[in-house]
Novice: 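Please see the structure below; I have some questions.
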Protein chains: 2
Amino acid sequence: MAKFNFNLDTLPPSEIREEICSLTITQNVLQGRWKPLLIWYISLQPQRFGELTRLLPGISKGILAKQLKELEDDGLIQKEIFDELPFKVEYTLTDLGEQLLPVIAVMQDWGKKYIDSRQK
Amino acid sequence: MAKFNFNLDTLPPSEIREEICSLTITQNVLQGRWKPLLIWYISLQPQRFGELTRLLPGISKGILAKQLKELEDDGLIQKEIFDELPFKVEYTLTDLGEQLLPVIAVMQDWGKKYIDSRQK
DNA sequence: CCGCATCCGGAGTGATACTG
DNA sequence: CAGTATCACTCCGGATGCGG
């Protein structure tokens, strides 16, 4: 679970503590090589398992299943299972997941600035 | 270096590609257990090496030096060396590092939402 | 005081084969 | 089609000791 990096000897003021805590939580939830991309792709449209393996070349089924499960456990995505054959499952964002989109957007904005700054 | 997760067989449109690229870059730059916290602390005021070891209990000197160096190499922070004895070094954010603060802020906002949603 | 070098353990990631 | 299980491997993070 999350480690909050507090110093128990010289505990910082609660205001600071809350900032540390909030930041660390978000960092932990997004920790995983494919998670930001997964959230972004799912935000574009509901995605199926197989489709995600096609969108994310190089990802293995094992790690895809694991990271999807972690995102689900953290309440960012939900899956809908259609009772058909062959099986069909769709992943969509929860409300909490939707609220994460501004974070993704700001990260993308900064990435572009970074690229610009490196091209000089 | 950064891996951009493109599928070379079915290359996505350049617009999509840029979003993937930007997002992945930011993710890579912030990858490291202490980096977001380091940037945040340094943004509050210029920080010295020893002060950071106090602010981040549990971090070892080795990993602190390493993550600071990576942040410096990525152009997010700069260090000023004072020619005194004992040695004194101060870390400050670069312009590029300052531009990262909105990302940190949005992450903190979302962390608070996450905490609220879990307390119900 | 600051930071590097080395070594080490464990987590995160990935390839493959197999199941419902 | 949508996963699970296993194994192997890399790399990050941490401890320690040395050097400027």
Side-chain angles (χ1 to χ4, degrees), chain A residues 1-7 24 27-39 41-42 45-74 77-92, chain B residues 1-9 24 27-39 41-42 46-74 76-92:
Chain A
M1 265 320 294
K3 305 173 185 175
F4 293 119
N5 310 319
F6 295 142
N7 188 338
T24 306
Q27 185 188 7
N28 287 339
V29 167
L30 287 180
Q31 200 160 43
R33 175 169 168 194
W34 309 93
K35 284 186 187 173
L37 276 179
L38 282 173
I39 292 169
Y41 271 126
I42 294 173
Q45 62 179 42
Q47 298 283 0
R48 302 183 55 182
F49 189 91
E51 185 60 22
L52 288 171
T53 63
R54 251 159 278 134
L55 291 170
L56 301 170
I59 196 173
S60 69
K61 289 187 293 179
I63 201 62
L64 175 57
K66 187 185 173 199
Q67 302 212 350
L68 283 172
K69 179 154 195 345
E70 288 174 2
L71 289 175
E72 190 188 357
D73 290 343
D74 284 331
I77 65 176
Q78 56 200 349
K79 68 187 207 184
E80 185 176 3
I81 303 175
F82 297 85
D83 208 3
E84 309 170 359
L85 274 178
F87 301 139
K88 180 179 171 183
V89 177
E90 269 190 5
Y91 293 90
T92 54
Chain B
M1 264 319 293
K3 305 174 185 175
F4 294 118
N5 310 320
F6 296 140
N7 187 338
L8 295 180
D9 299 326
T24 305
Q27 186 188 7
N28 286 338
V29 167
L30 288 180
Q31 201 160 43
R33 178 170 166 193
W34 309 93
K35 284 186 187 173
L37 275 179
L38 282 173
I39 291 169
Y41 272 127
I42 294 174
Q47 299 283 3
R48 301 185 54 184
F49 188 92
E51 185 60 22
L52 288 171
T53 63
R54 260 169 309 249
L55 291 170
L56 301 171
I59 196 172
S60 70
K61 289 185 297 175
I63 202 63
L64 175 56
K66 187 184 173 195
Q67 302 213 351
L68 283 171
K69 179 153 196 341
E70 288 174 3
L71 289 175
E72 191 188 355
D73 290 343
D74 283 330
L76 306 189
I77 66 175
Q78 55 200 349
K79 65 189 210 182
E80 184 177 3
I81 303 174
F82 296 86
D83 209 2
E84 310 169 358
L85 274 179
F87 300 139
K88 180 180 171 184
V89 178
E90 269 190 6
Y91 293 90
T92 55

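Each chain gets a letter, A, B and so on, in the order its sequence line appears, and its residues count up from 1.
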Novice: Look at the side-chain N and O atoms of A:Q67 and state whether any lies under 4.0 Å from the OP1 or OP2 oxygen of C:dT13.
Specialist: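 Affirmative; the distance criterion is met.
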Novice: C:dT13 C1' sits how many Å from A:I63 CD1, rounded?
Specialist: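 Taking CD1 of A:I63 and C1' of C:dT13, I get 5 Å after rounding.
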Novice: If every non-hydrogen atom of B:G32 is compared with every non-hydrogen atom of B:P36, which pair is closest and at what distance?
Specialist: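 Closest heavy-atom pair between B:G32 and B:P36: O-CD, 3.7 Å.
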Novice: In Å, rounded to the nearest 0.5 Å, how long is the span from OH of A:Y91 to CG of A:L71?
Specialist: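 The OH atom of A:Y91 sits 10.0 Å away from the CG atom of A:L71.
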Novice: Separation of B:R54 atom CZ from C:dC2 atom C1', in whole Å?
Specialist: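 From B:R54 CZ to C:dC2 C1': 12 Å.
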Novice: Find the distance A:Q47:CD to D:dG3:P and express it as a whole number of Å.
Specialist: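 These atoms are roughly 14 Å apart.
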Novice: Tell me: CZ of B:F87 to P of D:dC18, nearest whole Å?
Specialist: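 The distance from CZ of B:F87 to P of D:dC18 comes to 19 Å, rounded to the nearest Å.
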Novice: Can you tell me how far CD of A:E90 sits from CD of A:Q47, rounded to the nearest 0.5 angstrom?
Specialist: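 Taking CD in A:Q47 and CD in A:E90, the distance rounds to 8.5 Å.
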Novice: Thinking salt bridges, do B:K69 and B:E72 make one under a 4.0 Å N-O criterion?
Specialist: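 A salt bridge is absent here (no side-chain N lies under 4.0 Å from a carboxylate O).
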Novice: Could you say whether A:K69 or A:Q31 is positioned toward the 5' end of DNA chain D, judged by the nucleotide with the nearest heavy atom to each?
Specialist: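 The residue whose closest nucleotide sits nearer the 5' end is A:K69.
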Novice: Check whether any side-chain nitrogen or oxygen of A:R33 sits under 4.0 Å from OP1 or OP2 of C:dG12, and answer yes or no.
Specialist: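 Looking at the OP1 and OP2 atoms of C:dG12, neither is under 4.0 Å from any side-chain N or O of A:R33.
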Novice: Starting at the 5' end of DNA chain D and moving along, which residue's nearest nucleotide shows up first, A:K61 or B:S60?
Specialist: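 The answer here is A:K61.
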Novice: Taking 4.0 Å as the cut-off, does a side-chain nitrogen or oxygen of B:W34 come that near to OP1 or OP2 on D:dC12?
Specialist: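 Checking D:dC12 against B:W34, no side-chain N or O comes under 4.0 Å of OP1 or OP2.
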Novice: Let me know the distance between CD of A:E72 and C1' of D:dG3, rounded to the nearest Å.
Specialist: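 Those two atoms, CD and C1', are 13 Å apart.
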Novice: Applying a 4.0 Å non-hydrogen cut-off, can you work out what A:K79 is touching in the nucleic acid: base, sugar-phosphate, or nothing?
Specialist: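 Result for A:K79 = sugar-phosphate.
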Novice: Rounded to the nearest angstrom, tell me the gap between atom CD in B:E70 and atom C1' in D:dC11.
Specialist: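 Answer to the nearest Å: 11 Å.
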Novice: Which part of the nucleic acid, if any, lies within reach of B:Y91 when heavy atoms closer than 4.0 Å are counted: base, sugar-phosphate only, or nothing?
Specialist: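 Contact class for B:Y91: sugar-phosphate only.
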Novice: Can you tell me if the side-chain N/O atoms of B:R48 get under 4.0 Å from OP1 or OP2 in C:dC2?
Specialist: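 Answer yes for this pair, as a side-chain N or O of B:R48 is under 4.0 Å from OP1 or OP2.
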Novice: Taking CG from A:L71 and C1' from C:dG12, how many angstroms apart are they, rounded to a whole number?
Specialist: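 Going from CG in A:L71 over to C1' in C:dG12 covers 15 Å.
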Novice: Specify the closest pair of heavy atoms between A:W34 and A:Q67, including all atoms of both residues, with the distance to one decimal.
Specialist: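 So the minimum-distance heavy-atom pair works out to N-OE1, 3.3 Å.
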Novice: Please report the distance, rounded to the nearest Å, between CG in B:L68 and P in C:dC1.
Specialist: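 Computing the B:L68:CG to C:dC1:P distance gives 17 Å.
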